[in-house]
Amino acid sequence: MPFQFNFSIEENAENELETLGDTALQLGSAQGSLNADGSTEKSKEVSAERVVHQESLCAGEATPKTADPVANHSPDKSQFQVLPKEQACFKVAKEHSIPEDVSKVLENKVIEVVQGLYYVNISVVEMNLTDGSHEEDIVSKSISSHSDLITGIYEGGLKIWECTFDLIDYLSETEIQFINKTVLDLGCGAGLLGILALKGKAEKVHFQDYNSTVIDEITLPNVVANCGGGGGDDGGISEPPSKRQKKTDFIPALMSKCRFFSGEWTEFSQLMLSSNKSLSKYDLILTSETIYNPEYYSALHDTVSKLLNKNGRIYLASKVHYFGVGGGVHIFEKFIEERNVFRTRTVKVIDEGLARYIIEMAFKSSI
Ligand SMILES: C[S@@+](CC[C@H](N)C(=O)[O-])C[C@H]1O[C@@H](n2cnc3c(N)ncnc32)[C@H](O)[C@@H]1O
């Protein structure tokens, strides 16, 4: 049952709202056939991005490389566009401030519930973002390229990927304790994993996504909705709209435990390590569907090794293989083994069609 804040969506738009599938929420317009040839049209777009976005680092300035474009055979209908290395840009990291009046981030949003967590309906956000007014313009790019991922431009955070729900299930089943822990939701997208930690009384929760649009339009609103920023403890969604709209001008206490970041992983870890605010490393790093591209493994590995507490744990959820980009559980584990820094342990396998894994990682030197 969707709830809406400051409703201003046209009737036909409302009718297009996506329904929640068994395990995944899809960004409807990001479905389609893959154009994996790094076409001339896309090259123009990327060149434009180089000029417009001062905060982007282009290939050659940042290290991750891109895989060769490969035709997509993905059984879960995810579509990937892997740009040649020289066409990809990588985003400088930045921290996003929490607006003073957090209820504003829920304006024009439709709130839904899954597994006891509130989230903004992505199709509605998408509709509000197609006017080209947002700097990254990732919705239009995702639609025009028929891709759920465009290397170095849009890394998939507008959609809730199914392994997020696997990891939520696993963390709940095993009663992983968040109390007083410092937690990072790495490659957070909707941020449901971090929100789970927040609700589990984590001391601090940081959210990182590649795209600033995702943080501003999806992650932050989701956290607000789960922190009572829209009204009462339930995010205000049980209150009549008149009351909801009057409850403004406060930052819910829970929000003060959160920080939000966008940017490429190497850039993010540099930002965190160079920050004036003393960084206490993370006790837990939660990350779902972030190992699809082997070209990012080095940045991912270095980031988590710099930011994880010496006795901390990483819980990573992933499909066994990502057709079209080439990453997956086994190739990632091999990479980790070769680096010889972390030990890995498969803690759960969901063997339905394309298998999905939950992996626990810890420093080899840890207890
Ligand atoms: C497929 S999405 C998964 C989103 C979310 N974790 C989920 O399961 O719904 C992958 C996420 O990883 C992040 N990501 C991927 N590659 C990245 C990179 N090189 N640097 C920073 N973030 C990256 C993006 O922010 C993106 O949201």
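We count ligands from 1, going down the list as the structure has it; atoms in each ligand are counted the same way. All of these numbers come straight from a predicted model, not from anything done at the bench. Reckoned from all heavy atoms, side chains included, excluding hydrogens, waters and symmetry mates.
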Between F268, Y282, F261, F260, which is the residue that forms a ring-ring contact (aromatic ring centres under 6.0 Å, His included) with F207?
F260
Which option wins on minimum heavy-atom distance to atom 22 (N) of ligand 1: Q208, E267, E162?
Q208
Give yes if a backbone or side-chain nitrogen or oxygen of N211 is under 3.5 Å from a nitrogen or oxygen of ligand 1, and no if not.
no
Atoms of ligand 1 under 4.0 Å from any heavy atom of K159, numbered from 1 in the order shown, are 9 (O)
For atom 26 (C) of ligand 1, which candidate among E155, E289, K91 holds the nearest heavy atom?
E155
W161 N/O under 3.5 Å from ligand 1 N/O
yes
Mark up the atoms of ligand 1 that fall under 4.0 Å of a heavy atom belonging to D209, in ascending order.
24 (C), 25 (O), 26 (C), 27 (O)
Within the 3.5 Å criterion, strictly below it, is a donor on E136 or T213 matched to an acceptor on the partner's side chain?
yes
Checking side-chain polar atoms at under 3.5 Å, does R339 have a donor or acceptor matched by the opposite partner on S298?
yes
Is there side-chain contact between L286 and F178, with at least one heavy-atom pair below 4.5 Å?
yes
Do L284 and I176 have side-chain heavy atoms sitting under 4.5 Å apart?
yes
Using 30° and 60° as the class limits, which term best fits the ring planes of Y292 and Y322: parallel, tilted or perpendicular?
perpendicular
Can you tell me how far apart CG (N128) and OG1 (T130) are? Round to the nearest 0.5 Å.
7.5 Å
Using a strict cut-off of 4.0 Å, indicate which atoms of ligand 1 neighbour a heavy atom of T164.
7 (C), 8 (O), 9 (O)
Subset of ligand 1 atoms that lie under 4.0 Å from at least one heavy atom of G187:
4 (C), 5 (C), 6 (N), 11 (C), 12 (O), 13 (C), 25 (O), 27 (O)
Where the closest heavy atom to atom 15 (C) of ligand 1 is concerned, which of Y296, Y292, Y210 has it?
Y292
Which part of A317 is near ligand 1, with near meaning a heavy atom under 4.0 Å away: side chain, backbone, both or neither?
neither
Against heavy atoms of I160, which atoms of ligand 1 measure under 4.0 Å?
9 (O)
Is the shortest side-chain heavy-atom distance between F165 and V114 below 4.5 Å?
yes
Measure from the ring center of H321 to the ring center of F323 and say whether it is less than 6.0 Å.
yes
Heavy-atom distance to atom 14 (N) of ligand 1: which of W265, Y154, F165 wins?
W265
Quick one: do the Y296 and E264 side chains pair a donor with an acceptor below 3.5 Å?
no
Which atoms from ligand 1 have a heavy atom of G263 less than 4.0 Å away?
21 (C)
Closer than 4.0 angstrom: is that true for some heavy atom of A190 and an atom of ligand 1?
no
What are the atoms of ligand 1, with element, lying closer than 4.0 Å to any heavy atom of G157?
27 (O)
